[in-house]
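Labels below follow one simple rule: chain letters A, B, ... track the order of the sequence lines, proteins then strands, and each chain is numbered from 1.
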Protein chains: 4
Amino acid sequence: MKIKDDQKYDRLIQAAIALLATGGLANFSTTKVAKQAGIPQSNLYIYFKNKQALLDTVFQTTIHTQSVAVVAELDTAAPITIQLANSIKTLYRFSQEHPQIVATIQVLMADVQLKKHLHLKQDDHENQQIQTLLTDGLQAGILRSTDLNLIRYFLTRPVFNYAAGVQSGLYPDTAQGLTDLIQMIMGAILQPDVYQEWLS
Amino acid sequence: MKIKDDQKYDRLIQAAIALLATGGLANFSTTKVAKQAGIPQSNLYIYFKNKQALLDTVFQTTIHTQSVAVVAELDTAAPITIQLANSIKTLYRFSQEHPQIVATIQVLMADVQLKKHLHLKQDDHENQQIQTLLTDGLQAGILRSTDLNLIRYFLTRPVFNYAAGVQSGLYPDTAQGLTDLIQMIMGAILQPDVYQEWLS
Amino acid sequence: MKIKDDQKYDRLIQAAIALLATGGLANFSTTKVAKQAGIPQSNLYIYFKNKQALLDTVFQTTIHTQSVAVVAELDTAAPITIQLANSIKTLYRFSQEHPQIVATIQVLMADVQLKKHLHLKQDDHENQQIQTLLTDGLQAGILRSTDLNLIRYFLTRPVFNYAAGVQSGLYPDTAQGLTDLIQMIMGAILQPDVYQEWLS
Amino acid sequence: MKIKDDQKYDRLIQAAIALLATGGLANFSTTKVAKQAGIPQSNLYIYFKNKQALLDTVFQTTIHTQSVAVVAELDTAAPITIQLANSIKTLYRFSQEHPQIVATIQVLMADVQLKKHLHLKQDDHENQQIQTLLTDGLQAGILRSTDLNLIRYFLTRPVFNYAAGVQSGLYPDTAQGLTDLIQMIMGAILQPDVYQEWLS
DNA sequence: CATGAATGAGAATTCATTCAT
DNA sequence: CATGAATGAATTCTCATTCAT
């Protein structure tokens, strides 16, 4: 229950990520997590109220890690289109470097139960910054004037999917592939005329 | 082990879909499926070799159902862009009418284990037809010249996601919403100049 | 879940009684019951929905067994006072012969949780007969005109307690002891004048 | 291990009583007691050697509290029959005012394990006084000449049961009910002729 | 074919108790 | 003294699968 002291907390989260990435939710158990973390199973309950709390934490952590990675590379002085394209690139690089985190996010996003009682804490700094970028883009007439969640969907999930596909061999690992992906996503989210302009 | 006899086979698949749609893979068990189908647990093994075989079948079935629905509405005589846009519309309507099937597809698509040993049988008629449409679009310079799997991804997953979002209240249920979605997807998959043309 | 086939069901109940009688509710576990019954623990769930269902059944069974024993010896032709005194004697003998059943009843009666969701099925034949005896006694002006539950309490619990006390050595095991007990109970439940008459 | 220091000791006992009264022995744990008392779990072991020691203490405490309440109202100058009747009344009032204490006593009295290694310390002042009252009554030919424990049983347990029954709605909460109860108990424990006399 | 029963493995939790700080 | 952390045992229950009838 207490998060206080040590690295065991982190070990558990890392173990959970590894487990979720390779086995999915169906094969996820506190027993396995604990074993992977090299910790007696019952100790897991010192750090997390229950299995669900661990999953919640893993979800928040992975999402946050990814947000941080994207935001860190953001050049807020640059034009919005540039920022958007760069954020895709950054996210792709992140996905390549941390495939387990991305796999975990995908697995958890698909969970029906998780969705029910879990609302992403939208209040962290990094998320705010991305949200700001998008609302700015919207107001500047750069982004299509549709639901922001939908735009975010296009900005992230195809990237995750592509990165996973590259890793599994479904997609070829070429520079052109990423370029294509970016153009597709931009074509989806930008206002048509802005997209034309951005292309050149 | 044989599929021969009866409607219990279908009952099991329907039960599995309902279960997966509402509880996800983690809550899926042969016990529950059998109970939901009103069939003795052990009888499940008459129709399916094991749990995994049931899941495989469910995956094939749901994917196939969806393909059939899309293809059924396809007007092969129409211009490719029209066919594409219509297929999105059809798929969206299908998702609205069969939310459980779509939820099941999403859940199973996210499963890491399933991916490993499961290759979609690409040989059914409906899939061929869609594949043909896409290769035609590619060769005609209508679609972006990138991996067909990626184009298929853009053609389906955002639709599933949007439909689910509408149902959960995340997205508003307006005609404009669907129009936006179609334009986004088309913007993603069409060659830019074709897209411009299609817009008008 | 199914009670159908065999003696394992009974073995489990007997094991539960033995366990409750010697260890109380706090030491009662499905693990121990199953072990005592010589059955794999998980098999317990074939016969009982869960632990509580087993306890409920044990409660009903023990209560019923005791009712049957008392009613079996009842001479419905005899005067009511005689019947009452005899039922006490019978109950005492039963308690001596089946100390575990009585101990189990006492243990379960004291359980706070059990009380909440458990209502004795008052509809069995034997219970009806006792109830009839008491209402008859009430209408004949033989029993004190107070709540029947209270009268039943006096007719049973002191007997259980006395029998247990005799067995544990708290009370001496003499014929006089039982006579005293019967007189006390009769003094409690009979109308004073009837009691006087009965005494002689 | 020492009782010395503080009110936390009492808090633990009160918490234990509350827990036993509402959940019974089966749901009793040091974890819950400590939480209810607002004390770190491990601190419980500062005040009590182990779980059993806590239960023993709770038993002694509740029994003692109840004895004190009864004795406090005792008018040793009054006739023994009056004292007995009054003690029942007092005990009933106590049971109404402290239902948790009474429930705890009942729960602990039913515990098989507790009985084994627990002998009430019969040496406290209040207990002596009650014992004196009873032996006096015995020698004066007022009480039936039977085991004193049995008489004590009749003097207390029906009262507890009745009070609990009133609270749970099993018995109606009327003045007549209490009067009936007292007459029943007196009928049980008094010599028949004394009882007759007491009635008038 | 159909099915109830069986079963060992694992699942999530809770617990009583100890110990180092 | 006080306390958070630790831990192994135990508990309830579910599961996937097999088998005898």
**Message:** So C/T31, base contact, sugar-phosphate only, or nothing? Heavy-atom distance under 4.0 Å.
**Reply:** base

**Prompt:** With side chains defined as the heavy atoms from C-beta onward, is the minimum distance between B/Y45 and B/T30 less than 4.5 Å?
**Reply:** yes

Below 3.5 Å is the cut-off: list the nitrogen or oxygen pairs between protein and nucleotides 19-21 of chain E, distance only.
none

**Message:** So which atom in A/K32 and which in A/N27 form the shortest heavy-atom distance, rounded to 0.1 Å?
**Reply:** NZ-O, 3.1 Å

**Request:** Please name the pair of heavy atoms, one in D/Q167 and one in D/P99, separated by the smallest distance, quoted to 0.1 Å.
**Result:** OE1-CB, 3.1 Å

Rounded to the nearest Å, what distance is computed from the [atom1] atom of residue [X] to the [atom2] atom of nucleotide [N]?
X     : N      : atom1 : atom2 : answer
B/Q41 : E/dA2  : CD    : P     : 16 Å
C/K8  : E/dA6  : NZ    : P     : 4 Å
D/L44 : F/dA5  : CG    : P     : 18 Å
D/I39 : F/dA2  : CD1   : P     : 9 Å
A/N27 : E/dA9  : CG    : P     : 18 Å
C/Y9  : E/dG4  : OH    : P     : 18 Å
C/K35 : E/dG8  : NZ    : P     : 14 Å
D/Q36 : E/dC15 : CD    : C1'   : 17 Å

N or O in side chain of [X] less than 4.0 angstrom from [N] OP1/OP2:
X     : N      : value
A/Y47 : F/dA6  : yes
B/N43 : E/dA2  : no
D/T30 : E/dC15 : no
C/N50 : F/dT12 : no
D/K32 : E/dT14 : no

**Prompt:** Parallel, tilted or perpendicular for B/Y9 and B/F48, by the 30°/60° rule?
**Reply:** parallel

**Message:** Pairs counted only when both distances fall under 3.5 Å, Watson-Crick or G-U: show me the 5' to 3' dot-bracket for DNA chain E, [ ] for pseudoknotted crossings and | for other-strand partners.
**Reply:** .||||||||||||||||||||

**Fill in**
By nearest-nucleotide position on DNA chain E, the 5'-leaning member of A/S29 and D/S29 is A/S29

**Asked** Rounded to the nearest 0.5 Å, how far apart are CG of A/L12 and CG of A/L19?
**Response** 11.5 Å

**Complete:** One should read off an interatomic distance between B/L108 CG and B/Q60 CD, to the nearest 0.5 angstrom, of 10.5 Å

**Prompt:** Of the candidate nucleotides E/dG4, F/dA16, E/dA12, which contains the atom at the shortest distance from the side chain of B/K51?
**Reply:** F/dA16

**Request:** Select one nucleotide: of E/dT13, F/dA6, E/dT3, the one nearest the side-chain heavy atoms of A/Y45.
**Result:** E/dT13

**Message:** If we check side chain to side chain contact (heavy atoms under 4.5 Å, CB included) with A/L20, which of these qualifies: A/I101, A/T62, A/T104?
**Reply:** A/T104

**Asked** Could you walk me through whether A/Q100 and A/T22 pass the side-chain contact (heavy atoms from CB on, under 4.5 Å) check?
**Response** CA-CA 8 Å; A/Q100 291 201 325; A/T22 55; 4.1 Å; yes

**Prompt:** Going by distance alone, is a donor N or O of one side chain under 3.5 Å from an acceptor N or O of the other, for A/D10 and A/Q14?
**Reply:** no

**Request:** Between C/F28 and D/P40, just flag the one whose closest nucleotide in DNA chain F comes earlier from the 5' side.
**Result:** D/P40

**Request:** I would like to know whether D/L44 and D/K8 meet side-chain contact (heavy atoms from CB on, under 4.5 Å); could you show each step before the answer?
**Result:** CA-CA 9 Å; D/L44 191 147; D/K8 288 185 192 170; over 6 Å; no

